[in-house]
Amino acid sequence: MDNLINIAITNLISPPILFFILGTVAARLKSDLDISAGLGKTLSLYLMLAIGFKGGVELSRSELSLTTGIALLAAATLSFLLPLIAYGFIRLTTKMDRVNAGAIGAHYGSISLVTFVAGTAFLETHAEYFEGFLIVMMVLMEAPAIISGLLLARRGLTVAQDKRKPMLSPKLLREVFFGWTIFILLGSLLIGFLTGERGMAAMAGFISLPFIGFLCLFMLEMGLVAGRRLEELQKFGLPLILFGFYMPLVGASLGILTGLLIGLSLGGVTLLAILCASASYIVVPAALRHVLPQANPSISVPLVLGVTFPFNILLGIPLYYHAAKVGWLLVRAG
Amino acid sequence: MDNLINIAITNLISPPILFFILGTVAARLKSDLDISAGLGKTLSLYLMLAIGFKGGVELSRSELSLTTGIALLAAATLSFLLPLIAYGFIRLTTKMDRVNAGAIGAHYGSISLVTFVAGTAFLETHAEYFEGFLIVMMVLMEAPAIISGLLLARRGLTVAQDKRKPMLSPKLLREVFFGWTIFILLGSLLIGFLTGERGMAAMAGFISLPFIGFLCLFMLEMGLVAGRRLEELQKFGLPLILFGFYMPLVGASLGILTGLLIGLSLGGVTLLAILCASASYIVVPAALRHVLPQANPSISVPLVLGVTFPFNILLGIPLYYHAAKVGWLLVRAG
Amino acid sequence: MDNLINIAITNLISPPILFFILGTVAARLKSDLDISAGLGKTLSLYLMLAIGFKGGVELSRSELSLTTGIALLAAATLSFLLPLIAYGFIRLTTKMDRVNAGAIGAHYGSISLVTFVAGTAFLETHAEYFEGFLIVMMVLMEAPAIISGLLLARRGLTVAQDKRKPMLSPKLLREVFFGWTIFILLGSLLIGFLTGERGMAAMAGFISLPFIGFLCLFMLEMGLVAGRRLEELQKFGLPLILFGFYMPLVGASLGILTGLLIGLSLGGVTLLAILCASASYIVVPAALRHVLPQANPSISVPLVLGVTFPFNILLGIPLYYHAAKVGWLLVRAG
Amino acid sequence: MELKTIKKVVIIAELAIKTDILNLINEMQAPGYTLYEVRGMGERGVRDYEATPLEYFKNIKFEILVDEDLAERIITAVMENYFEDYAVIAYLEDVQILRREKFKPRQN
Amino acid sequence: MELKTIKKVVIIAELAIKTDILNLINEMQAPGYTLYEVRGMGERGVRDYEATPLEYFKNIKFEILVDEDLAERIITAVMENYFEDYAVIAYLEDVQILRREKFKPRQN
Amino acid sequence: MELKTIKKVVIIAELAIKTDILNLINEMQAPGYTLYEVRGMGERGVRDYEATPLEYFKNIKFEILVDEDLAERIITAVMENYFEDYAVIAYLEDVQILRREKFKPRQN
Ligand SMILES: Nc1ncnc2c1ncn2[C@@H]1O[C@H](COP(=O)(O)O)[C@@H](O)[C@H]1O
Ligand SMILES: Nc1ncnc2c1ncn2[C@@H]1O[C@H](COP(=O)(O)O)[C@@H](O)[C@H]1O
Ligand SMILES: Nc1ncnc2c1ncn2[C@@H]1O[C@H](COP(=O)(O)O)[C@@H](O)[C@H]1O
Ligand code: NA
Ligand code: NA
Ligand code: NA
């Protein structure tokens, strides 16, 4: 327990987290501090490229094993299941209609890249290794979540609405499989894999040295954005807000169990927990505008950005790491 | 004297200064060389974050002493006094009305971050240490200057104008205390202070390694902007232009005296001189549009950007350093 | 031959080239992956500043010799001659009118900076030195090409069109001599030259460490842009498309011969070949809009971007290096 | 000077239907369009991509100069297909031009 | 097709009064607005944030579709409060819409 | 409220003639202008600097509020000088203002 508190404090007093807090405070005090959307997009691009490339190099170092295949399958399955669980909780505890409950489910089945990156930075300060294929797992956790959430949501559509947008439109496929985040993550991973150590030597001055600094800038922006959307939570009932807190815990638990079962490293288990706990605020809401325009993003986005994201960043990550460690030691011991 | 010339030449033949000159030449020759406003904003953000963070880490290394408190008080006082001096000079030597004379005073009581950063880069090539709290001093030199300039300027308003904008509006307070420059400087400083050496290790690849390069890009933009505004000086009388040259000397002298009195390091004395000598062209004109819209920024901004800024960058910094050194050696010897 | 294949594969499996391919694939699959124009401009600025500065430092290391002068003269001459050759080929093999044939000539007489930068990165992995003045040669290969292409094209103008735009307008001169690319390249070169090793030490963390990473981002954008314009090639006849392939070979051959004659290093010969083989898609089309608006950039730009640029990047560079090596060894042996 | 009056169709909408509108413009053979990035507020709340850099908050604006007839067909199509589910407004303005041919529907 | 004519209020102003105008729009319960970043020139000289990246040189433009009555009240308020001290112009245009309700003042 | 009607000249053109148009505005002593960066499509194809970041694909838009007389002279000058060789369209709109003096040609 003492250990957990230590870990949590170390997490809080790290530059990325403090810059996130700085951003939130600036937004709450209505300062004109601002990160332009253009810089924000550049920073996401950078983070994805760097994390993808590093993952690829890491992959090139290890041999492909059965575990990899199982892990990828597990990731996709979790991403398909989590929306069902989320949908169940929401329908049980709130008066939310099916369409929006399904949409929210899709967000929580999917993942947040920055939370994942913050997780890798956290693991680095704790000198924990993680498997390169975790990044492929992350990529595989978008499409199933969207499809699963969509299946749930569409049961709430009127016949007229249902007709206007067929379920499996080419739009859906394009959004889900050729989206820029997937492209850049998988592309960089492949390039890292192909160029291996030689590539890493050439790229390290770009993707490693300034990495934490760029992450800090991005977290500053995340703080600003999250802080600006906090207001919107006021119109939400307590049950929905609570969902934003407990759903990541549910997700993380499932992630830890699965990770231990598959036999991932401690770092890998932690990251899978983070993936399950985190919720999407970039890819999923954008995709749903195309394939489920009846869902209202002014419900899902403030919930994810205003509750779940900060919770994971500030408290979740060290918590999941601690829980994963306990589980991992038990498994090792047993 | 020979020494001063050497210092001045070394300053001139350094990449940041040469990029400033390149920018000015490009602007004068009406080249289409251009730094986008977005990149410019990113560069300021970077410089503030880096300088704030470094200052915070530096602060965490030393113990807080009485000197710190006295220095902060002195900075605020200087910043309040300098506008009075500037106002006096302008009203005596030109026909400028009270409103604009007060506004210009506010600019000169405040500071220019880039000049300060150029000063720290200069000190680094001369291997001079400076106190981390200089950055807090810098932050404290904005609000007093604006209030002091405003008090002077408002005596020139008509009763109608005076009524339209009360002196102590919430707008003024927001502009002056929650402005983004202050937020990012103080925020980064605090984060640097809290994370200390561990933070520095994580951030060095971002805030130290590429620092001079980013400064060069920023100086290039400053050169372009300054060069483009040179024309506007033509409509100014000679007395006002001369003011743009001698006012920094007055400021620097006061800064050196104060620095020596307080007992700052040689680097600290130099930087305080630079703070006093430099004038604001970002924060103060923007704030005055809100709280003193009658003042004409087309007078103050070309004066600061076209005369005082280049003067400080090209000649002022080595001069102040030399003067500070002479004073410092005298004090030490005495 | 085996050696050539090795070199070619090493080139293909390097991060910058793979990112170019990634961009092309994303564009072809109509992914929404996108590099904003603002980031693209920043990246070009960075590449020019870095390459110019490095060249300047390199120049400061060597003594200016007669070879330098001859090389510069040769570069300008090649740049004036290549449009004549290109014009001849096009007029002989296609039905293109004089105006557009001349315009295309101007593109091929001029150069592509990114191709050049990719060439320097390639040489670095092969540990080949090249002369700093190659960058000055590059700068000198813009104006002659535009003037030469213009002379050819204007013979196709009607009397009325001819009158509307005099050949040697001040606009032409400004475009050709004060363009931002020339300014930043020559300016950085001069600054590198003046500040020498001391400047390099201060700037290395900016212009060397992250260089390949920035190049990768830029190549990703180039891939996107090239991929998006591939469609337009469909309306072109085969002879014109073939021209986009063989013209770089013609240029490279001339470049290699000239380079060997002048006595450049192997790296230098390769880079001169690359300069001659590459064609402009930034400076020349923009300049021609001002001085030859009758030319249709929708012909020249897709040809350069869709055919010649990828050809040089993917296959040309290793080929020219191999050919230069053979020639160079022969000369040495002879 | 002889000026003719034609219509400017203005559509302000969320990014999600950008491609749809481009397709519509193409199908209806409108002779051209001009596109802006804007921010705004309306029934569906504040949409400001700069303040909240999520694609969902991007707003775009189309201006299409066409004959009255085509103008009405475009605005009707937009209303019918998108008003219910998306953030979008559309309206018409009169503009005066010199050469009417330039703004005739494209002939393929 | 039955079109109704309403007004578009256009305000081009320096950044400093952006928040003020947003407040005005809010107080007058205008149903929406669209916001642009622009550059320009007028009585108070060239205002080009791209050329001189100082916030003071930023120009913004508001377009507000409302009934004639509210339109006149907005433009009058802007003129009275800001014309003397700030860089600002304001004017009206006619626009034709399909559904008038969408542009009625908001009811809170 | 007494409103007067004047003209808004709109010019959408490729970047290459930006300086020319600024010079024209200056020579004709127009009292001001507002400048936008836009994308678009027309007779000369798609012009989208964001999609293809080559200066040649940049589109700009000028709006110039002036008296009818000057408006017609500006639009005629643009048509005569640039329509043949450049991507450009120009048109007029009516706008209603409060203070006519603000939009009189500048007196030097
Ligand atoms: N009354 C209005 N005046 C100007 N622009 C409006 C108005 N109403 C809506 N808009 C624009 O149209 C977009 C979509 O509107 P809405 O669907 O009502 O949210 C808004 O984000 C604004 O940019
Ligand atoms: N005659 C005009 N036509 C178009 N825009 C104008 C005109 N006059 C002023 N503007 C715009 O309004 C802003 C403020 O005008 P001013 O207060 O006259 O400097 C300018 O920066 C322009 O963007
Ligand atoms: N019918 C139209 N409606 C709106 N904008 C147009 C239209 N035609 C042309 N434009 C704009 O004017 C620019 C130049 O047109 P063009 O010379 O026809 O290629 C285009 O890129 C568009 O931005
Ligand atoms: Na999740
Ligand atoms: Na000062
Ligand atoms: Na060439």
Side-chain angles (χ1 to χ4, degrees), chain B residues 9-43 46-47 50 117-118 120-127 203-221 223-224 227, chain C residues 36-50 52-54 56-57 60 170-171 173-211 213-214 282-283 286-287 289-290:
Chain B
I9 289 174
T10 316
N11 178 56
L12 280 178
I13 302 185
S14 68
I17 306 304
L18 289 173
F19 274 103
F20 176 75
I21 296 172
L22 178 63
T24 316
V25 172
R28 298 314 301 158
L29 294 179
K30 299 208 184 306
S31 160
D32 61 348
L33 177 57
D34 200 18
I35 303 267
S36 78
L39 176 54
K41 185 86 187 270
T42 301
L43 292 171
Y46 171 83
L47 291 184
V117 171
T120 64
F122 173 91
L123 290 178
E124 213 169 286
T125 65
H126 290 268
M203 298 286 282
F206 181 65
I207 64 177
S208 295
L209 284 182
F211 188 77
I212 294 294
F214 280 120
L215 179 59
C216 285
L217 268 187
F218 198 79
M219 291 300 268
L220 178 62
E221 172 169 51
L224 287 166
Chain C
S36 77
L39 176 54
K41 185 88 188 268
T42 300
L43 291 171
S44 337
L45 197 76
Y46 171 83
L47 291 184
M48 291 186 198
L49 192 155
F53 195 93
K54 286 183 203 167
V57 174
S60 78
K171 259 193 179 173
L173 300 174
R174 176 172 311 290
E175 279 298 314
V176 164
F177 293 108
F178 293 162
W180 70 275
T181 55
I182 296 190
F183 241 93
I184 197 78
L185 275 171
L186 279 192
S188 307
L189 184 119
L190 199 66
I191 295 173
F193 182 78
L194 288 174
T195 60
E197 304 302 335
R198 214 161 45 85
M200 192 41 133
M203 298 286 281
F206 181 66
I207 63 176
S208 295
L209 285 182
F211 188 77
F214 280 120
I282 294 181
V283 173
R289 284 318 291 154
H290 287 105

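Lettering follows sequence order; numbering is per chain, from 1.
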What's the shortest heavy-atom distance between [X] and [Y], and which atoms?
| X | Y | answer |
| --- | --- | --- |
| C:Thr195 | B:Ile13 | CG2-O, 3.5 Å |
| B:Ile212 | C:Ala202 | CB-O, 3.6 Å |
| B:Asp32 | C:Trp180 | OD1-N, 2.7 Å |
| C:Gly187 | B:Leu22 | CA-CD1, 3.7 Å |
| B:Ser31 | C:Gly179 | OG-C, 4.1 Å |
| C:Gly199 | B:Pro15 | CA-CG, 4.1 Å |

Can you tell if the side chain of C:Thr42 reaches within under 4.5 Å of the side chain of B:Thr42, non-hydrogen atoms only? no
Using a 4.5 Å cut-off on heavy atoms from C-beta on, say whether the side chain of B:Cys216 contacts that of C:Met203. yes
Say you draw a straight line from [atom1] of [X] to [atom2] of [Y]; how long is it, rounded to the nearest 0.5 Å?
| X | Y | atom1 | atom2 | value |
| --- | --- | --- | --- | --- |
| C:Tyr46 | B:Leu39 | OH | CG | 13.5 Å |
| C:Phe178 | B:Leu29 | CZ | CG | 4.5 Å |
| B:Ile35 | C:Leu45 | CD1 | CG | 4.5 Å |

Contact origin within [X] toward chain C - heavy atom pairs under 4.5 Å:
| X | result |
| --- | --- |
| B:Phe19 | both |
| B:Leu18 | both |
| B:Leu217 | side chain |
| B:Leu220 | side chain |

Please list all pairs passing the side chain to side chain donor-acceptor pair (under 3.5 Å) test where one or both residues lie in residues 9-29 of chain B, with sequence neighbours left out. B:Arg28-B:Glu231
Would you mind checking which part of C:Ile182 comes under 4.5 Å of any heavy atom in chain B, side chain (CB onward), backbone (N, CA, C, O), both or neither? neither
